[in-house]
J.: 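I have a structure I would like to understand better, so I am pasting it below and will then ask my questions one at a time.
Worth saying up front: this structure is predicted, and the values here are computed from it rather than measured. Order of the sequence lines fixes the chain letters, A, B, ..., with proteins taken first and strands second; residue numbering starts at 1 for each chain.
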Amino acid sequence: MIGGLFIYNHKGEVLISRVYRDDIGRNAVDAFRVNVIHARQQVRSPVTNIARTSFFHVKRSNIWLAAVTKQNVNAAMVFEFLYKMCDVMAAYFGKISEENIKNNFVLIYELLDEILDFGYPQNSETGALKTFITQQGIKGQHQTKEEQSQITSQVTGQIGWRREGIKYRRNELFLDVLESVNLLMSPQGQVLSAHVSGRVVMKSYLSGMPECKFGMNDKIVIDKQGKGGTTDDPGKSGKQSIAIDDCTFHQCVRLSKFDSERSISFIPPDGEYELMRYRTTKDIILPFRVIPLVREVGRTKLEVKVVIKSNFKPSLLAQKIEVRIPTPLNTSGVQVICMKGKAKYKASENAIVWKIKRMAGMKESQISAEIELLPTNDKKKWARPPISMNFEVPFAPSGLKVRYLKVFESKLNYSDHDVIKWVRYIGRSGIYETRC
Amino acid sequence: MPYFGSEEMVKELKRALSNPHVQSDRLRYKNYITKVIRYMTQGLDVSSLFMDMVKASATVDIVQKKLVYLYMCTYASDKPDLALLAINTLRKDCADPNPMVRGLALRNMCNFRMPGMTEYIEQPIVAALRDKASYVRRVAVLGCAKMHSLQPNTEIDGRIVNELYALLRDPDPVVVVNCLRALEEILKDEGGVVINKPIAHHLLNRMKELDSWAQSEVLNFLLRYHPRSDDELFDILSLLDSFLQSSHAHVVVSTLRLFLHLASAHRAVQADALLRTSAPLLATCSAVSRELRFAGLCHVQQVMRSQPGLFATHYKRFFCGYSEPSYIKFRKMEILVELVNDENVSLVLEELRSYCTDVSPELAQAAIAAIGRIARTYSEKCLDILTGLLALKQDHITSAVIQTFRDLVWFCPQSTAAVCQTVEAGVDRPQDSEGKQALLWLLGAHGDQMGSAPYVMEGYIDGLKTELSSTVKMELLTATVKMFLCRPAETQDMLGRLLHYCIEEESDVCVRDRALLYYRLLQRGAEETRRVVTGPKSDPSMSVLTGRQEEPISEWASTFNTLGPLAGRDSCPQTDAISAADQPSYSAGEELLPGSEDVTLSGPGDTEEEISLSLGAPLSHESFEKMWLDLEILHRQALGVSRPRTAPDTLQASLQLEKIQTLAFTPADTVPWKAYIYTRSTGTLILAELLQGATDESLVLSVKQQPVNQHAIRRFVSVLKSVLQTLNLE
């Protein structure tokens, strides 16, 4: 249980403070500021114990969110709760920044009031919360009878994530496969570790209480069907399937059905939600390969050459490519030559940032730089931080494909064919680093 | 923070809030109210506006209402008389047709923290428990808990408790969980909510409807339930099976804990559960959020205590990312060290070596220490790396390497020759005292194998005047004496100088005493000194050869999924302080931290364990008397000792030392002599009377207890007896 929630800006000024339980005194707000935000040394742990009170904190950009408790609680739960809190706030007013928090100050207090009561989480689904939170301007008096009864039915209904009686003129479904590919590569080009963590995010605008069924090229399913003796060429389907290491689902997915038949069926929440989250480590398509070459010429000069190769179908275009080549602290000047895109030395970030707007598959591009160094008597060798990369590609690096997404609604008169479905794949870089 | 001129601002607000023009303009009025809340958040005292804010609560605008309620909850305890004015409005709102207004009013009314509130809120709460809107019921259920916390010492209202137990069957899942939470708090002194078979099965069947937070909590409550038969046990386990794969890390970990607890007699089931949760745990370790990653790593470490091999194939997952915060890197390195085997050793070492040059010296030193740990099994490869690091000529690295050498030589004597060779070949002098001590220890203990050792040491003796740390000086003394014993010719002169300086000029008492000790020891002759000073040169227990023991799961299962695993070694003593004494509710099933052996608490099942007494909150005379009259005598015994002849104060103090509180006793020479005492133990309260009929007769003890726990009584009697006997001896 959570005794109190505080939000601070980067200077440690209190933006929001809400205490739920008596055992948290008014000085707790200051204790955290003094001992953690203003502490000299680095943050030692996301959990801090001060005077028999545990402070759990999460930092989003410049904002500190801290949950306080005197009980011996489940740490993972508190952290996940803080993240949920961030998500809810983000759903209401976008990015979590000092300005946004100050502007939506009343709303946040309203949210905190509904989400936690006496320190116990009550209701944290954005969709369901919308019924209780009166945005500014909407007055309680004007609430219709219908809405009132909705509150009752919505919270008593068996399905907590969807309310009854939703109607849309156009039934639409948006499905995004969002993946982030993480790589750590040695200077010799050996993959030290690589994994893809992906999310299937859906936006559904469907009437009634539809039942959905989702299918993908999961290896276990494909193999099962292959055994069933279909005419499909087994070699072909085997190649296209992917091995999912582990996956987790939104509350709405019937897990028992997944366990027995490996089929994903569910009654979707209304609006945007995350259907599933998964992770793969095998047969990952690495969209880019970075080949670094660093040569130290004497004590005052460095020569860096970096080649990037795109490794996907030539018809596809990667976007927002950014390569960040770290430079030593004592850099005095940099000359850069690149074939494509723009490259700039950013002294404040100690890095050369090379940006390319678009790049097709199976292409190659190169940058070379000469770095002048100031002579120092610091014997410390430069630690050579890894070269990192950011990009966005229009396919799923794990190889995941959506095979079908069917909608059944027995009570209302629309069928699977009437639903407009949109599917999109986006692969982004997570931590994509090559050591040099 | 705007403490400056704050009085002015408050006055201005007061003026504005009472201005009829402002009051008539809804938007402006609300803006001022928002301002008040903003100042309140910043820590400004705006309690003087209470009256105006109470007036503002009479509105139809829900947002404004919420703000005003928030204000009132904060300051109600400071202005109880004014807060009473608001109660009428609130009670009226409790009967509003809109369930949201009803819930809101009730919740805030329960949040007022002031004495005497109970009489106003009891009736609305009881009414709201039967409200048709579940939103209101949720609030009302928690309201019961709040009401109890307002007056913690009053008797528990059986009617409300029964009502809450009945509401466990409510169709709304949140109401169900809130009932559990409320009951747990209300019945804290009696050991919390009772989970019997029907309740446990009911909860298990409702699990799927709950949200993840509630699932996690219910899983924790279920730890209290003991299935009657193996069949029932396996039914429960298969019901919970799908939660091992939940998308929420905390649910996974809670489920795992329940599995480990329930299946404590079935090793295979436990192992299977661990195997199946390894994937989600690993996923948590690479979660997007750092904090979750950290929590995941800590739990992986716990699991590895029993199943070191479980994650061996995934060792690459524990390689550190460049941008990760250091607390994650430290944990990952600790895990990597545990995962090393013949196949991956070279890759892991390669990885660890790259951390040794990290910008943060602390991290670099931790990496070097990690290599040192691996060196106990794979010494050759590691020694190469460590020697290579010395060439970097960086102070913090050199110091850490030498410290690692020292530990290595101690734990695995076969590497001594190689280490001595490296140290002899030329090592930079470390600058920090830790490093100096390590180098001196090496020189002293293995000086016979290093030709240049006396000369290095001489350098330190010559620079003694500038040395600040007394521990280094002491180490230097010991090392020089040891060196003298094996190479007297070269060392005699410098030892003389060192002793002279330390005895004559040194200001630190410890160093002086140590020097005197050695001086006198040397006067007894070299053989005598050798016998005293030289000890074993390597770890006599040979812990390296026996290897790491696989701990049984029960060692850590009780603290799994609490704050325990997250508290690192360095923060342990601090968190130790949050001991069970503050949190009687947890003493029932959940221990706080590993490594706090001094706090003995009984596990849920095994009452045979040692039971400790505690003082707890003092009991008033009235409540003692009331309870004494209400309860039956459970135990009566002649103690076989007479009343101690000591002063009454001494008796009271010595009983208090043993955590027994004295409430009252008759003057020393009255007959019959009586004393009333009480103590607490694992959720029970023990009341006792000591009676002596005539002088020099044996004392008779009568014990009453609530709730009954025979083990606690036995413990209490034995403690009491031993105290009285000790006093009589004196």
Side-chain angles (χ1 to χ4, degrees), chain A residues 13-14 16-17 22 42-47 49 52 54 58 71-77 79-81 83 105-106 109-110 113 117-118 120-122 132 134 136 139-141 143 148 151-152 155-156 158 184 192-193 195 245-246 248-249 255-256 259 277 279 379-381 383 385-386 431 433, chain B residues 34 41-42 60-63 66-67 70 98-101 107 113 133-135 138 142 145-146 149 171-172 174 181 213 216 242 246-250 253-254 279-280 283 289 291-292 294-295 316 319 321-322 326-327 357 359 392-394 561-563 566 568 571 574-575 577-578 586 590 592:
Chain A
E13 287 167 2
V14 189
I16 299 283
S17 118
D22 295 344
Q42 270 182 309
V43 178
R44 269 314 196 50
S45 156
V47 188
N49 267 297
R52 301 182 169 198
S54 306
V58 160
Q71 239 82 22
N72 187 9
V73 291
N74 173 351
M77 180 168 113
F79 285 130
E80 228 167 283
F81 179 80
Y83 278 101
F105 156 91
V106 176
Y109 273 119
E110 269 193 86
D113 212 32
D117 189 10
F118 209 36
Y120 296 108
Q122 298 291 306
F132 300 107
T134 45
Q136 257 154 356
K139 275 142 204 130
Q141 196 188 23
Q143 218 176 20
Q148 275 181 32
I151 297 174
T152 327
V155 283
T156 44
Q158 289 287 311
L184 187 62
L192 291 173
S193 76
H195 72 270
D245 284 17
D246 52 63
T248 53
F249 296 101
L255 288 170
S256 51
D259 287 341
R277 211 183 271 202
R279 205 172 48 82
K379 279 188 287 180
K380 248 186 207 173
K381 228 179 120 202
I431 297 168
E433 293 179 338
Chain B
T34 318
T41 306
Q42 288 166 349
V60 286
D61 182 344
I62 286 205
V63 178
K66 283 181 181 175
L67 288 174
L70 178 72
N98 185 342
M100 210 162 88
V101 177
R107 183 168 58 218
R113 287 160 199 156
S134 63
Y135 181 68
R138 293 175 183 183
L142 281 184
K146 290 177 192 168
S149 78
D172 182 64
V174 182
R181 292 159 172 164
W213 327 112
S216 216
S242 60
S246 163
S247 67
H248 298 278
H250 60 99
V253 187
S254 300
S289 103
E291 289 77 16
L292 270 182
F294 177 71
K316 278 188 179 172
F319 284 2
Y322 184 72
S326 52
Y327 52 82
T357 48
V359 269
L392 291 174
K393 300 207 174 292
Q394 300 235 343
N561 195 30
T562 62
L563 274 178
L566 264 82
S571 56
Q574 215 182 4
T575 34
I578 321 177
Y586 282 83
E590 307 172 23
L592 270 164

J.: Measuring heavy-atom distances to chain A, does B:Val174 have an atom under 4.5 Å in its side chain, in its backbone, in both, or in neither?
T.: side chain

J.: Could you look at A:Val58 and say if it's the side chain, the backbone, both or neither that has a heavy atom under 4.5 Å from chain B?
T.: both

J.: Which pair of non-hydrogen atoms, one from B:Glu291 and one from A:Pro46, has the smallest distance, and what is that distance?
T.: CG-CB, 3.5 Å

J.: By a 4.5 Å heavy-atom criterion (distance strictly below it), what part of B:Ser246 contacts chain A: side chain, backbone, both, or neither?
T.: backbone

J.: Closest heavy-atom contact between A:Met77 and B:Ser216?
T.: SD-CB, 3.7 Å

J.: Could you look at B:Phe294 and say if it's the side chain, the backbone, both or neither that has a heavy atom under 4.5 Å from chain A?
T.: side chain

J.: Taking all non-hydrogen atoms of both residues, which atom of A:Phe81 and which atom of B:Trp213 are closest, and how far apart?
T.: CA-CH2, 3.4 Å

J.: Under 4.5 Å, counting heavy-atom pairs only, tell me which of B:Ser242, B:Ser289, B:Ser326, B:Ala283 racks up the most with chain A.
T.: B:Ser289

J.: Using only atom types and a distance under 3.5 Å, with no angle test, would you say the side chain of A:Glu80 pairs donor to acceptor with the backbone of B:Ala249?
T.: yes

J.: For A:Ala76 and B:Leu292, work out which heavy atoms get closest and say how close.
T.: O-CD2, 3.8 Å

J.: Give the intermediate values and the outcome of side-chain contact (heavy atoms from CB on, under 4.5 Å) for residues A:Asn74 and B:Val253.
T.: CA-CA 9 Å; A:Asn74 173 351; B:Val253 187; 5.6 Å; no

J.: Counting only heavy atoms closer than 4.5 Å, note whether A:Arg279 contacts chain B via side chain, backbone, both or neither.
T.: side chain

J.: Could you tell me the separation between the OG1 atom of B:Thr34 and the CZ atom of A:Phe105, rounded to the nearest 0.5 Å?
T.: 7.0 Å

J.: Closer than 3.5 angstrom, by distance alone: can the side chain of A:Asn72 be matched with the main-chain N or O of B:Leu563 as a donor-acceptor pair?
T.: yes

J.: Please evaluate residues A:Asp113 and B:Leu70 with respect to the criterion side-chain contact (heavy atoms from CB on, under 4.5 Å), reporting the C-alpha separation (whole Å), side-chain torsions for both, the decisive distance (0.1 Å), and the verdict.
T.: CA-CA 9 Å; A:Asp113 212 32; B:Leu70 178 72; 5.9 Å; no

J.: Which bit of A:Leu192 comes within less than 4.5 Å of chain B, counting heavy atoms only: side chain, backbone, both or neither?
T.: both

J.: Stepwise, does the side-chain contact (heavy atoms from CB on, under 4.5 Å) test hold for B:His250 with A:Val73?
T.: CA-CA 11 Å; B:His250 60 99; A:Val73 291; over 6 Å; no

J.: For B:Ala279 and A:Asp246, work out which heavy atoms get closest and say how close.
T.: O-OD2, 3.3 Å

J.: Which atoms of A:Phe249 are under 4.5 Å from chain B, going by heavy atoms: the side chain, the backbone, both sets, or neither?
T.: backbone

J.: Between A:Asp117 and B:Leu142, which heavy-atom pair has the shortest distance, and what is it?
T.: O-CD1, 3.4 Å

J.: With a 4.5 angstrom heavy-atom cut-off, is it the side chain or the backbone of B:Arg107 that approaches chain A, or both, or neither?
T.: side chain

